[in-house]
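Read through the structure below, which is laid out as structure tokens, and then see the notes.
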Protein chains: 2
Amino acid sequence: MTTRHRGRPRSFDRDTALEKALRAFWEHGYETTSIADLTRAMGIAAPSLYAAFGDKKTLFEEVVEVYVRRYGGFIGRALAEEPTARSAVGRVLREAAVEYTEPGRPPGCLVINAAVNAAPASAEVTEALRGMREENVHALTSRIRAGVEAGELPEETDAAALARFVGAVLQGMSQQARDGAGREELEAVAATAMRAWPGEGPENTL
Amino acid sequence: MTTRHRGRPRSFDRDTALEKALRAFWEHGYETTSIADLTRAMGIAAPSLYAAFGDKKTLFEEVVEVYVRRYGGFIGRALAEEPTARSAVGRVLREAAVEYTEPGRPPGCLVINAAVNAAPASAEVTEALRGMREENVHALTSRIRAGVEAGELPEETDAAALARFVGAVLQGMSQQARDGAGREELEAVAATAMRAWPGEGPENTL
DNA sequence: GTTCTTCTGTAGCGACCGCTAAAGAATGAA
DNA sequence: TTCATTCTTTAGCGGTCGCTACAGAAGAAC
């Protein structure tokens, strides 16, 4: 049952405006996107923005939630659905190459790139994104460790180190996407990275 | 013969002030470092800064020059001095792990991290740093290609793709250094990356 | 209708941005 | 000593930042 509303109804669609804000933040980053940029992109005036979304930081937090749900799910899906650690990590890297260069979207990953050069005033946002990156590495570590325990990987495999390597490659791929690298180039980076997989011979492919 | 000087001599050491500016830009990035931050760090007032270094962009360009000469030389040295492409790239990655986490310095690489989220107004600076990253990948490509021609690497090796992979790993390492990763962690990433080297077996070490 | 509530538009707050005009201070040249 | 030159200091320019007070507009409740 929808809650009935007393006063004047808002004249814009909240989800549409949020999506516009998402694109703006994704394209230009947290600090670089000003309230004026946001109101222009969202098609509303500043007081409407503040009434509907709170302040800039709160809006960004909501944007990140939507981003993770809509565009960041591929990592979790790959880790959950693939039968082996190797195929899971390979798919993460392969799909990242596609996701980071999808036409019609800003290149790269918002979580990786939106708050790199943040001022001390934005420390909370920076820290939140850093925490999410760390969570991703943790998820990779767990999946790899499970693979080791399942006997897919040598027992002496350092799961955390391998996961950190994969995280670094993802960050590098996102940066290169923002620098203009195309899908094929990133797929080549992903394929090369997979050659570092334990037990991998030189003739293996992704 | 030193050029004789007419008016009042400047009251600060230009090189020292430049070094302070270098540290500030390295730590906080190009846009995030304000003129007020710079004058505080350099110990001079704004008009002295503008008289000695030009505007903010010009100062940053000079900072980048000094940075590359003083802190970025390890890449060129490794590529020039090492006997094989493999040892050269391995040394680049290994030394990056040390350079990016050197105590007493801001973590990571200024060229990689100082202008990631730049506004359109700083497009020139962003583009300049991007060009320098590209040059580094070119240098890596050339060295790897020379290794292929010398018979160190399989003839079908894609030198450009391998170089781009190394560039991505360096960018990821720099980001992770800024996220708080330590030297040992980055060295593990570097060692893992080298397992992707063509012809590498699973038991190889860096 | 009238009232109550909520949203919208205008307009502007104080703080900071990069940058500079203007005047005083410190030197070499004459 | 006097002048010309260059630096330093103070103060503030126009512009943008994130954010909000305030008044009017647009609905639901009565």
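Regarding A:I35, its CD1 atom lies at a distance of 17 Å from the P atom of C:dC16, rounded to whole Å.
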N/O contacts under 3.5 Å, protein versus nucleotides 2-5 of chain C?
none

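Note on residues 156-167 of chain B: pairs passing salt bridge (charged side-chain N to carboxylate O under 4.0 Å, His left out), not counting sequence neighbours, are A:E185-B:R164. Within the structure, salt bridge (charged side-chain N to carboxylate O under 4.0 Å, His left out) pairs that include any residue of residues 116-127 of chain B comprise B:K57-B:E124, B:E127-B:R130 (at least two apart or interchain).
Note on B:T33: only backbone sugar-phosphate atoms sit closer than 4.0 angstrom, heavy atoms only; bases stay farther off.
If you check residues 10-29 of chain B against DNA chain C, you find no residue with a heavy atom closer than 4.0 Å. The stretch residues 41-62 of chain B touches DNA chain D through B:P47, B:S48, each having a heavy atom under 4.0 angstrom from the strand.
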Review item, side-chain donor-acceptor pairs of residues 63-72 of chain A, under 3.5 Å, at least two apart:
unit_1 : atom_1 : unit_2 : atom_2 : d
A:Y67  : OH     : A:L110 : N      : 3.2
A:R70  : NH1    : A:E19  : OE1    : 2.4
A:Y71  : OH     : A:E19  : OE2    : 3.4

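Not one N or O on the side chain of B:D179 forms a donor-acceptor pair closer than 3.5 Å with the backbone of B:Q176. The backbone N or O of B:G108 lies less than 3.5 Å from a partner atom in the side chain of B:W26, making a donor-acceptor pair.
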CA sep, side-chain torsions, deciding dist, call: B:R40, B:D37, side-chain contact (heavy atoms from CB on, under 4.5 Å): CA-CA 5 Å; B:R40 197 180 313 114; B:D37 293 333; 3.3 Å; yes
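The existence of a salt bridge linking A:R23 and A:E27 is excluded, since no basic side-chain nitrogen approaches an acidic carboxylate oxygen closer than 4.0 Å. Between A:R91 and A:E81 there is a salt bridge, with a side-chain nitrogen of the basic residue lying less than 4.0 Å from a carboxylate oxygen of the acidic one.
Judged purely by distance below 3.5 Å, without hydrogens or angles, the side chains of B:T84 and B:E152 never pair a donor atom with an acceptor atom.
Figure legend: cation-pi geometry between A:R10 and A:F12, with NZ or CZ positioned under 6.0 Å from the six-membered ring centre and within 45° of its axis.
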